[in-house]
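Order of appearance sets the numbers: ligands from 1, and atoms from 1 within every ligand. For the numbers below, each heavy atom of this structure counts, side chains included, while hydrogens, waters and symmetry mates do not.
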Amino acid sequence: MKHHNPRIPHALLAGLVATLLAGTATARPPVYATTAEKAFVDALLAKMTVDEKLGQLNQPPGVGNNTGPAAMAGSEDQIRRGEIGSYLGTQGAVLTCRLQRIAVEQSRLGIPLLFGYDVIHGHRTVFPVPLGESASFDPAEVQHAARVAAIEASAHGIHWTYAPMVDISRDPRWGRVVEGAGEDPYLGSVLAAARVRGFQGEDLRAPDAVLATAKHFVAYGAAEAGRDYNVADISERTLHELYLPPFKAAVDAGAQSIMAAFNEIAGVPMHAHQPLIEDLLRKQWGWDGLLVSDYTGVMELMPHGVAADREQAGILGLRAGVDVDMVSQIYVKDLPAAVKAGRIPMAQLDASVRRVLNAKYRLGLFDDPYRSCTDDGARERALTLTPQHRADARRMAQKSLVLLENDDQVLPLSKSVRTLAVIGPLADHRRAMLGNWAMAGREEDAVTPLEGLKAALGDRTRLVVAKGTDIDSQDTRGIADAVAAAKQADAVVMFLGEHPDMSAEANNRTSLDLPGVQEQLALAVADTGKPVVVVLLNGRPLSIGGLKGKVPAILEAWFPGIEGGHAIADVLFGDVNPSAKLPITFPHNVGQVPIYYAHKNTGRPPRTEEKYTSKYLDVPWTPLYAFGHGLSYTTFRYDVPVVSSATLKPDALEQQVSVRVTNTGKRAGDEVVQLYVRDDVASITRPVKQLRGFQRVSLQPGEAKTVTFTLGFDDLAMYDARMQQVVEPGTFTVFVGGSSDRTQQATFTVGAR
Ligand code: GLC
């Protein structure tokens, strides 16, 4: 079979490299490499055969742990032959220790294995899904959640988590919006860094450190039509302004691993994308970590149509800088001949093997390969599902609940309510508390909303429970019973939404409506005139405009983790005042998608009174709920923000923005104060707002605090026509408020050079 250079046109790659090298700041990530590491790894590398080197790059799945199409598990004989460097989806102190002993004591060089696993939002103590955690706008809480996950995962023998997922997405049809931090690159960057720090901890050699993986590199969330794995065809500017920043934040926070994405960008599949991996990540950003393929991502270069066979797919992947081949076992089975024939330079192979050995060295596995092993699993049991971890999950869930509507202050409900109707297909849905990526999570650990209500109310309140309908059914026969239940009650709480398998990987929807006849159920119950609360359990923004004005109170709960039932009750009865904000826009309907707050003004910004402007005939041009929206049981007033300098000198770009926030209600509450910036006139069109800061502030009734933000170069900069990051002279407007669509503003000027 003739092997030639990859079919990717060199002109395209050269053009891409030129623009890429032009942009992106050159901040350097923390340095983990040491001379001792280099000496150790070089000495080990010198002893390795080609087959053993390729073995280090091979990552088969564990037995029965496939998170994609069925694949062959890695065998113990492969470990003995040095053909496996790491395992996907294998966990448990006893099992990992047994496999580790085989690698260390029965293979020629005794190189320890890495055990990788999807610890996405908790291990056994499952936290809210990442989109829910992100709604907290609380980096410290998000970091702590990752820390708890690392403590439990490492006790189960895991060295490496395939998280945080940092893909920005503005298309809620895409199932994987549930796994990320929503639509905004600033929020996404802050939380990516927090999660990396949480997973990796202060010291990678600590037994409770796990390698973090920023995924999926890059622009996976730009999948056309919201269809997972589909092409992403985006501009260089969008790539740099929207999709790359969270990866840069993860790298600057010290992320030791990055996972390649399934998609192509403008014709170049990411698993063969040498300009973005070798030239941008490694050379431009100075990142020296481990790049792992996604599940069979190297093999998929064949169906992408850029590789004619497995060997060519492997050559493309390795040359692009994909170090570890997850699942397809191409590197270890199809590349030995190519290496020995010189079709892959030995230096290229050695570079990838070094990065795998570096990762093992940095975790201290060569000194203590059994760091998480206790042959009887005692440490695993001691550190799993502890009361403190459950308390942490409950607190995170409380902070993730977004109060979307609360007409007539229906919420909080009183605990002395005599009869409460509990209606809906998700009221007692145990699996929904876990979400879709809760690999080691167990349903029996979860507290459902119904159980949370019972625990909060004791036997003082009579609960009347009626499912009403299934999650995704056209069967309306249960609605009459639900209405009857509501009529008996003093108040009604409904639990509606999606099945957890309707979001996350490959779970995309062309509709954002409540599935089945749930909206019909809600309206029928609302028609009883009783005080009705709808709690949503879902993995994406939903077009629930039909409830507006009919259902007085709506609480967005996402998939809130194993303590979600208690957290929902805590908020419903006012033990906790909700403070979360939307990390992603809720559209009126899917026809508006993509719709997001950081939009451009266009030459014909929408105006109701003017036909020929950018808007729709059938729905408003504004969203149902804006990015940053979230109510409280109290109210807050924002004064007009004050800037420290009316004019900034171009070489002294530091601006303080202060705003006084007052709790004007009758109860204490937390408010997420948001700061947005607009470059009013520039050489490139700019979004009407861009998030550049947020702070949670706690205020007692009547209390006021002044919140101050500092803006610098990075907050004011843009990519100019040559993709250089610049701050151009002219006026900037700052917006401060409790939502992107409710702000007070002030303006300042950046002077000309
Ligand atoms: C899946 C996902 C990725 C996950 C990996 C291992 O296909 O795309 O997010 O980490 O495979 O399970």
Show the distances, to 0.1 Å, for all pairs joining an N/O atom of ligand 1 and a protein N/O atom that are shorter than 3.5 Å, listing one pair per line.
from: ligand 1; atom 1: 7 (O); to: Asp294; atom 2: OD1; distance (Å): 3.3
from: ligand 1; atom 1: 7 (O); to: Glu505; atom 2: OE1; distance (Å): 3.1
from: ligand 1; atom 1: 7 (O); to: Glu505; atom 2: OE2; distance (Å): 3.1
from: ligand 1; atom 1: 8 (O); to: Arg176; atom 2: NH1; distance (Å): 2.8
from: ligand 1; atom 1: 8 (O); to: Asp294; atom 2: OD1; distance (Å): 3.2
from: ligand 1; atom 1: 8 (O); to: Asp294; atom 2: OD2; distance (Å): 2.6
from: ligand 1; atom 1: 8 (O); to: Glu505; atom 2: OE1; distance (Å): 3.4
from: ligand 1; atom 1: 9 (O); to: Arg176; atom 2: NH2; distance (Å): 2.8
from: ligand 1; atom 1: 9 (O); to: Lys215; atom 2: NZ; distance (Å): 2.8
from: ligand 1; atom 1: 9 (O); to: His216; atom 2: NE2; distance (Å): 2.6
from: ligand 1; atom 1: 10 (O); to: Asp118; atom 2: OD1; distance (Å): 2.6
from: ligand 1; atom 1: 10 (O); to: Lys215; atom 2: NZ; distance (Å): 3.0
from: ligand 1; atom 1: 11 (O); to: Asp294; atom 2: OD1; distance (Å): 3.0
from: ligand 1; atom 1: 12 (O); to: Thr67; atom 2: OG1; distance (Å): 2.4
from: ligand 1; atom 1: 12 (O); to: Asp118; atom 2: OD2; distance (Å): 2.5

Worksheet item: Should Arg205 and Asp203 count as an ion pair when the cut-off is N to O under 4.0 Å?
Response: no

Discussion item. When you compare the side chain of His216 with that of Phe262, does any pair of heavy atoms fall below 4.5 Å?
Written reply: no

Item to complete: Test salt bridge (charged side-chain N to carboxylate O under 4.0 Å, His left out) on Glu83 and Lys333 and set out the steps.
Response: CA-CA 9 Å; Glu83 292 175 6; Lys333 292 181 182 299; 5.3 Å; no

Item to complete: Compare every heavy atom of Glu278 with every heavy atom of Arg319, then report the nearest pair and how far apart it is.
Response: O-CG, 4.1 Å

Worksheet, complete the sentence: So CD of Gln329 and OG1 of Thr296: to nearest 0.5 Å the spacing works out to 12.0 Å

Practice prompt. Measure the acute angle between the ring planes of Phe586 and Trp558, then classify it against the limits of 30° and 60° as parallel, tilted or perpendicular.
Written response: perpendicular

